[in-house]
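This structure is a prediction, so every number in the text was calculated from the model and none was measured.
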Amino acid sequence: MVQKYQSPVRIYKHPFELLMRAYEMRFPTCDMIPIIKETDVIEEDHSADGAVHMVDRRAKLNVEAPYLLKKLMGVEHLLFRQRNTKDLRARTLHIEAWNESFDNRVEINEYCVYSVHPENSDWTCFEQSAELDIKNFFGFEGTAEKLAIKEYSKSIEKSKDIMEHFIILLAEQGTTTVEAWEEPVNCNTVVETEPEEVIEKPKVGDKLRRKSSAKGRDLEQSLTDNQDPASKLEQDYIQMFLGKLEPMQESRLVQLKQYMNELQKGKTPPDPVVLRFLRARDFNVEKGREMLSSSLIWRKKHGVDKILSEYQEPAAIKDYFPGGWYHYDMEGRPVFLLRLGQMDAKGIIRSVGEEGLTKLTLHICEEGLKLTEESAHRLNKPISTWTMLLDLEGLNMRHLWRPGVKALLHIIEICEANYPETLGRVLIIRAPRVFPILWTLVCPLIDETSRGKFLFYAGTDNRGDQFLGPGGLKEYLPEERIPDWLGGPAATGIPEGGLVPKSFYMSPTEFEKDQSPGPHLTDSSCYQSISLNKAQVHEVLVQNTDRGSVITWDFDVMRHDVMFCVFRTKEAFTGIDKPPPTPTLSNIGSFNMGPTSEPEHHSRIGRGWREGEEYFRAEAPIICHDGESIQGSHVTQYVGTYILQWSHFDRGALSGQSPDMWDNLTHPQHKAKVMYYCEVLNSLDYRGSMTSLQSAHSGFSSISKASGHLSTSGVSSGVSSSLSEAGGASLRAPHHLQGGAECDLTS
């Protein structure tokens, strides 16, 4: 398995020239880097004007390894190569390193860049990217990988300290500034002869670039191409606001942030949120991506982002729910108090339903995220979790009422999936004998990491040393904030709970609907979910009677890949049944009957219809990948029927591979799933809506413009370009049909 490392941006608050002087003090060897035993210069070259300096070194490394592994290796030292290219004109240093020892068994590639800070020319930025691929290492592949990662992590952690050490050493020697390079006076004559030298020298060094192969160039490109500030993280920022992370954890945070930035079209979740989901999946980038993508879809589907501004507390919650936010603990984390034993679970649920209790919980969780962020900025330190004080006095068998337990389990599932790593500590006090029964039901739904944050205080004494003495609550809460109902001096202002009057209860019909199977949050959702097997399509017909109206769409690909396209029929659709064809991926302009079509997944475009005659393509097709979020719109130019079409996309069909029917039947994960929403804006409202529509303007419209379409689609060029990656030529209509595209906007 290939291990990748992508560093956050490390910032040195020193000019580039001074930093280079300090960097060169590391060679040929440095006491602070004992792993390097010696270095030899293999090749060195200067450009004619002195601006560019290239040094190629071979380093002998002493790697700590088990005795048996060293015996099998048959060597005491490992050889590495490092090629440094310093450009004083551009003020950059590019470093490329690779292994020479065991290069047929192990590939190690590293690429680093020192460059001037984009906002402060007196500061210097450093980034590095690396890959490790152990193919075969005497049967000790796992051990070798762990050793390599361990040594590399140690090197990363020490590198900034080493650089700062040499900066201080230079200052002690009287060097605090280094003059920037300037063009020589006779630069005109130098430039005339320079091209020949620059062209010839690489030929001499071709052998030296043996490992500067595709992987080395990919690493270089990953650093130089990614210039989007929104997808980058600074190391100092991580340590100040997100907490101390190990080098490989920092790397995976950077990778996931870049990944989400690409998938979400720049709408990347806040960094603390990305880190929480990554922690929840033990810093596995792919699993973290899956969990975070699912949660973002869930948030959009249920309008969770609006819950802080739109949620209205029902009267029963306001008067009888014994919980609320209450100051901060000793570490600055927000504290939520809940007197669960005093809560009339049946009365609350009969009054607001499971749906209402779930919305209350989501509101609490969203408030918690807001409070932790405010606390982090107020105290200027990383705070991303909150503390819960759970008082169970009064808990009895009535709290095990089945609808109440069902609601609790449902809420825990939602919180575990969408608010991971938000609970820093749960202080459970005054747990009665019935509590183990409830804990047995709840415990399997709480992940092991979260369970380790639960602290129990036994006993039923209302007040006393167990709360106020050593080891009690004052170890976690400021003493002046301990509630009066636990013997402290503070009044919380939180309702005491008690029985909810039946006058607050829902009607039997409403309660029965609330208790019916299924996740009720979807009842009020404007989004719909569809599943597509191979060769199936899903279509939404828009009967447009308003020329100039705007069709808008917003969808998330929840599983597999899909192809999306918008068509217009020449004649308005009348509802007469047509033969049920599906689109073939090799020719978007013709349709035939798919072998696995189902009635609800038939295309409304008739068999034998020709593009440019019976129907037109209003928007070019795009391939949308698993986890992507797509928004777009189309300004209608005609009255008639428009068709929004999603179809299952199979790359194998494009590459000429025949589908395996048994594979289709036995691998349900090949089914695509999409959650979508669409609406039509009145042409009179169009002018006022254009600002919001165009805010997501990007590459989809450029494809449409190529065909003469007017579009404000919000699909990124990265998604659209995947057409060519997947064999885009075969997705175009035949040449003789392209002239029939919907391109005359004046007719």
Side-chain angles (χ1 to χ4, degrees), residues 1-12 94-97 108-115 117-119 123-133 148-150 152-160 163 215-293 295-296 376 382 384 420-421 627 716 718:
M1 179 179 177
V2 178
Q3 292 287 347
K4 296 184 179 181
Y5 174 79
Q6 175 66 60
S7 75
V9 180
R10 185 184 303 155
I11 295 177
Y12 294 95
H94 294 259
I95 304 170
E96 185 181 1
I108 301 175
N109 290 277
E110 181 185 48
Y111 191 82
C112 309
V113 178
Y114 285 91
S115 60
H117 193 285
E119 297 175 4
W123 291 0
T124 305
C125 296
F126 173 76
E127 292 182 81
Q128 67 188 123
S129 183
E131 281 191 5
L132 167 67
D133 184 7
I149 293 175
K150 177 184 174 183
Y152 195 68
S153 298
K154 285 164 59 177
S155 171
I156 293 168
E157 288 178 327
K158 293 171 60 177
S159 57
K160 187 171 184 179
M163 192 68 83
K215 288 194 175 181
R217 289 192 296 272
D218 288 345
L219 291 174
E220 177 181 1
Q221 190 172 5
S222 69
L223 287 182
T224 55
D225 285 359
N226 182 25
Q227 298 302 319
D228 182 6
S231 67
K232 297 199 174 194
L233 284 170
E234 294 182 9
Q235 189 177 50
D236 291 342
Y237 162 82
I238 292 175
Q239 295 180 358
M240 181 175 292
F241 293 107
L242 303 180
K244 177 67 175 174
L245 299 177
E246 296 176 2
M248 294 307 294
Q249 293 175 339
E250 288 181 339
S251 168
R252 283 159 188 167
L253 175 60
V254 172
Q255 291 175 47
L256 181 55
K257 182 178 173 71
Q258 291 177 353
Y259 200 171
M260 297 307 300
N261 191 60
E262 293 171 1
L263 285 178
Q264 296 297 317
K265 314 299 178 284
K267 302 174 185 177
T268 311
D271 299 327
V273 174
V274 177
L275 179 58
R276 286 194 293 104
F277 280 84
L278 193 57
R279 284 189 190 277
R281 290 296 175 259
D282 199 24
F283 286 89
N284 183 302
V285 175
E286 180 56 29
K287 291 182 179 179
R289 195 276 305 173
E290 291 176 3
M291 186 182 187
L292 180 52
S293 295
S295 181
L296 292 175
S384 59
E421 298 294 321
S716 76

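When all heavy atoms are compared, the tightest approach of F283 to R252 is O-CD, 3.0 Å. In this structure, K4 and M248 approach most closely via the heavy-atom pair O-CE, 3.9 Å. For C125 against I11, the heavy-atom pair with the smallest separation is SG-CG1, 4.4 Å. The two atoms that bring M260 and S293 nearest to each other are CE-OG, 3.8 Å, heavy atoms only. Here the closest non-hydrogen pair linking P269 and L296 is CG-CD1, 3.8 Å. Closest of all the heavy-atom pairs between P247 and I156 is CB-CG2, 4.0 Å.
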Give the intermediate values and the outcome of side-chain contact (heavy atoms from CB on, under 4.5 Å) for residues K244 and Q249. CA-CA 10 Å; K244 177 67 175 174; Q249 293 175 339; over 6 Å; no
What's the verdict on side-chain contact (heavy atoms from CB on, under 4.5 Å) for V9 and H117, showing C-alpha distance, side-chain angles and the deciding distance? CA-CA 10 Å; V9 180; H117 193 285; over 6 Å; no
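Note that OG of S159 and CZ of R10 are 3.5 Å apart. Values are rounded to the nearest 0.5 Å. One finds the OG atom of S129 at 9.5 Å from the OH atom of Y5 (value rounded to the nearest 0.5 Å). The CD atom of E250 sits 4.5 Å away from the CD atom of Q235 when rounded to the nearest 0.5 Å. The CG atom of L275 sits 4.5 Å away from atom CZ of R279, with the distance rounded to the nearest 0.5 Å. With rounding to the nearest 0.5 Å, the separation of CG in L242 from CG in L278 is 11.0 Å. Between R281 atom CZ and R289 atom CZ the span is 12.5 Å, to the nearest 0.5 Å.
Residue E246 qualifies as open at atom CD: its count of foreign heavy atoms under 6.0 Å is 12 or below.
Under the 4.0 Å criterion applied to side-chain N and carboxylate O atoms, E290 and K287 are not assigned as salt-bridge partners.
No donor-acceptor pair under 3.5 Å is formed between the side chain of S295 and the backbone N or O of M291. Without hydrogens or angle criteria, N284 side chain to E286 main chain gives a donor-acceptor distance under 3.5 Å. The backbone N or O of P420 lies less than 3.5 Å from a partner atom in the side chain of R276, making a donor-acceptor pair.
Side chains of S251 and Q255: a donor on one and an acceptor on the other come within 3.5 Å. With 3.5 Å as the limit, one finds a donor-acceptor pair spanning the side chains of Y111 and H94.
The shortest distance between side-chain heavy atoms of L292 and V273 falls below 4.5 Å.
Using the six-membered ring where Trp is involved, Y12 and F126 have ring planes that are perpendicular, over 60° apart on the 30 and 60° scheme.
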